[in-house]
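Encoded as structure tokens, the structure appears first; notes follow it.
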Protein chains: 2
Amino acid sequence: MKATIYDVAKEAGVSIATVSKVLNGKGKISVETREAILAIMDRLDYQPSVIASALTGKRTFTLGLLVPDISNPFFSEIARAIEDQGEQLGYSVMMCSTDNKDEKVERYIALLQQKKVDGIIIATGIDNKEILEQLLSKGIPVVLLARDMPLVAVNTVVVDDYVGGCLAASHLLELGHRRIGIIGEREKVRSSRERVRGFRQTMEEYGAAFVPEHLKHCDYKVEDGKIKALELLQADEPPTAIFACNDMLAVGTLQAARELGKKVPEDLSIVSFDNTILAAVTDPPLTTVAQPMEHMGKLVVNLIVEELQGTAPVKQRTVLRPELITRESTAAIVS
Amino acid sequence: MKATIYDVAKEAGVSIATVSKVLNGKGKISVETREAILAIMDRLDYQPSVIASALTGKRTFTLGLLVPDISNPFFSEIARAIEDQGEQLGYSVMMCSTDNKDEKVERYIALLQQKKVDGIIIATGIDNKEILEQLLSKGIPVVLLARDMPLVAVNTVVVDDYVGGCLAASHLLELGHRRIGIIGEREKVRSSRERVRGFRQTMEEYGAAFVPEHLKHCDYKVEDGKIKALELLQADEPPTAIFACNDMLAVGTLQAARELGKKVPEDLSIVSFDNTILAAVTDPPLTTVAQPMEHMGKLVVNLIVEELQGTAPVKQRTVLRPELITRESTAAIVS
DNA sequence: CTGAAAGCGCTAACAT
DNA sequence: ATGTTAGCGCTTTCAG
């Protein structure tokens, strides 16, 4: 069997309390006994049980991560960043793909609580605000990532979607585009709404007319984007540029353009959002508004760990600035 | 505070043993008390502590998943499949990205043991076989996924890489290609070696000469593939087709071709392996040897859970058949 | 059918 | 500087 604290204590001829103390670097222990105990620990290949320690009220050193879908590149890239920072600080992360279904969110949250995770990172949409509030009321550290609910008092890390939208728009407008299509996620997705809002706002500032028919909403997958892009491009006066609210939708747009024999960027410019691996891999590579995913992951872990150490100050909302990455899917309009 | 088993016992006027029994459906409990207890449980919103239960020797209902990099689409897609099947069976999964470094593998394995996970799914390469053997000797259920070490007695789920290589080769050969380049991962990666072996074997059968200079090895990323593809394509007699051992390398190959002004598939055919989202998203979409990722994930979870229930028979090695998906990156050679 | 009690491995007062 | 002891929340004999 695995060695326990008792084995170490017996072997060292001391009490378990002493062993526990050297384990946690607490209390005063003479150098000799400490050394001796340490030696025995690794001779016995002793690994303290996180479970037992957690039962006495200590941490489990485990974080829960809720995302819509871990196989979506945006979230898997974020997950990697979170995992890395977690590992630095001694935390493991449990992944939970919710498919944006409240029902799954609830199931996972309940599960995570039973497993006594130290904190939960929520990067998935939640329709019912109460789920979140109830969770918060239990005092479990929670941080929202890439999704926010301004009315709820919770730590949040987001990118400035509005500014991102503006960035995308001014790029296109500077290139001379005026008839621009927009493909966003479903209306209820706040971040998408904000991106669109920034985009439209900027269009207005440039005096570009906003045509309601040029704004489409759909789910977040490639296929959805393709369908909407086809609609846009087959209209009477098709747009000369399209802003897709994420990389997947942009890929769909690219496919639609290809299907219609339109060249990108000659016949159609495309700007997307996120800058996942997808944006770098398409042909042409996509001009996109990049989210600093690595930084976001790091930040979110730090925040949650601070919160559970009690060193956390008041709730905060960190808004990161996105950045436009110019690649080859956009070009000046020729008229 | 959260309700404990004591709270519900007191509330129901019974002992905690009774509550425990209804919780686990063990022993004989009268219908009335069971009902009463159940009612109280949910009135108190009682959630049994997995931690406490684990301490008494029960399962933690948590699985560890070791992959090289969760942000690599192949692994994130597999992870999703594993997560889903795990959820079906009541298991959570902790993700661990190892970057294929033994040192990280060891750290993560130690951590997972301290957290008393019920089983570990290993989908990452391990150089030092002893790490695996040591783990197995502790009696922790382990399953290898997409990586195998035939000499070690461990449950394994893999795709038939050799056959996959054959499939890729015959497709290209049937299209008339004879000068074919191959880009594989580093030599030590078994699955890549097997794919190449199958590929070469089939070439021989078709009487296509194998040119040593046409075989390149590198890391698994897009950029690596691009570099090797450039070398291949800039040679005196460049190949008319390239087999890339995974989708990322194929993407790199696609980029190299574009950079050199070669059209795919007119000037160069490309076949890849995996069939991740990347293969569907490039232009042209890639002909690729698909791994049944969903099925693999399901299988691997079932295997490990069977093992932990003791219902597991002898160790087994499941070899799944890959399937060629023909898309637009390959075409008959015109001479 | 139900309960009392002994642990699981560890932490944290409180003594010594 | 080190040891004693009482839990943490649950499972599991073993009695009743």
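Numbered from 1 within each chain, the chains take letters A, B, ... in sequence-line order.
Within 4.0 Å of I51(B), counting heavy atoms only, lies no atom of the nucleic acid at all. At the heavy-atom level, V19(A) lies nowhere under 4.0 Å from the strands shown.
Of the candidate nucleotides dG9(C), dC10(D), dC10(C), dC10(C) has the atom nearest to the side chain of P48(A). Distances were taken from every side-chain heavy atom of K28(A) (C-beta onward) to each of dT11(D), dG3(C), dA1(D); the shortest belongs to dA1(D). Closest to the side chain of A17(B), out of dC10(D), dA4(C), dG9(C), is dA4(C).
Contact between the side-chain N/O atoms of T33(A) and the OP1/OP2 oxygens of dA1(D) is not found at any separation under 4.0 Å. The side chain of S15(A) places an N or O atom within less than 4.0 Å of a non-bridging phosphate oxygen (OP1 or OP2) of dG3(D). Phosphate proximity of dA12(C) to K58(A): present, with a side-chain N or O under 4.0 Å from OP1 or OP2. Between Y46(B) and dC10(D), a side-chain N or O to OP1/OP2 separation shorter than 4.0 Å is present. Residue T18(B) places at least one side-chain N or O closer than 4.0 Å to OP1 or OP2 of dG3(C). Between K2(A) and dG9(C), a side-chain N or O to OP1/OP2 separation shorter than 4.0 Å is absent. Between K26(B) and dT12(D) there is a side-chain polar atom (N or O) within less than 4.0 angstrom of OP1 or OP2. Taking side-chain N and O atoms only, S20(B) has a distance below 4.0 Å to OP1 or OP2 of dT11(D). OP1 or OP2 of dT2(C) lies within a sub-4.0 Å distance of a side-chain N or O belonging to S30(B).
Crowding of E35(A) atom CD: a count of heavy atoms from other residues, nucleotides or ligands under 6.0 Å exceeding 12.
For E294(B) and K298(B), the salt-bridge test fails: no basic side-chain N is under 4.0 Å from an acidic carboxylate O.
The shortest distance between side-chain heavy atoms of S191(A) and V158(A) does not fall below 4.5 Å. Side-chain atoms of T60(A) and K115(B), non-hydrogen and from C-beta on, never get closer than 4.5 Å to each other. Looking only at side-chain heavy atoms (C-beta outward), Y91(A) and Q85(A) stay at 4.5 Å or farther from each other.
Distance CG (L44(B)) to C1' (dG9(D)): 15 Å, rounded to an integer number of Å. Whole-Å rounding puts the D7(B) CG to dC10(D) P distance at 9 Å. Between I5(B) atom CD1 and dG7(C) atom P there is a gap of 19 Å when expressed in whole angstrom units. The separation between K10(A) atom NZ and dT4(D) atom C1' is 17 Å, rounded to whole Å. Computed from coordinates, the N24(A) CG to dA1(D) C1' distance equals 17 Å when rounded to whole Å.
Residues N155(B) and Q316(B) bring no donor and acceptor atom of their side chains to less than 3.5 Å of each other.
Judged by distance alone with a 3.5 Å cut-off, a donor-acceptor contact links the side chain of K21(B) to the base of dG3(C). Side-chain to base pairing of Y6(A) with dC8(C): no donor and acceptor N or O lie closer than 3.5 Å to each other.
When the nearest nucleotides of DNA chain C are assigned to A52(B) and V31(B) by heavy-atom distance, the more 5′-ward of the two goes with V31(B). Mapped onto DNA chain C by nearest heavy atom, L55(B) and R34(B) fall at different nucleotides, with R34(B) at the one closer to the 5' end.
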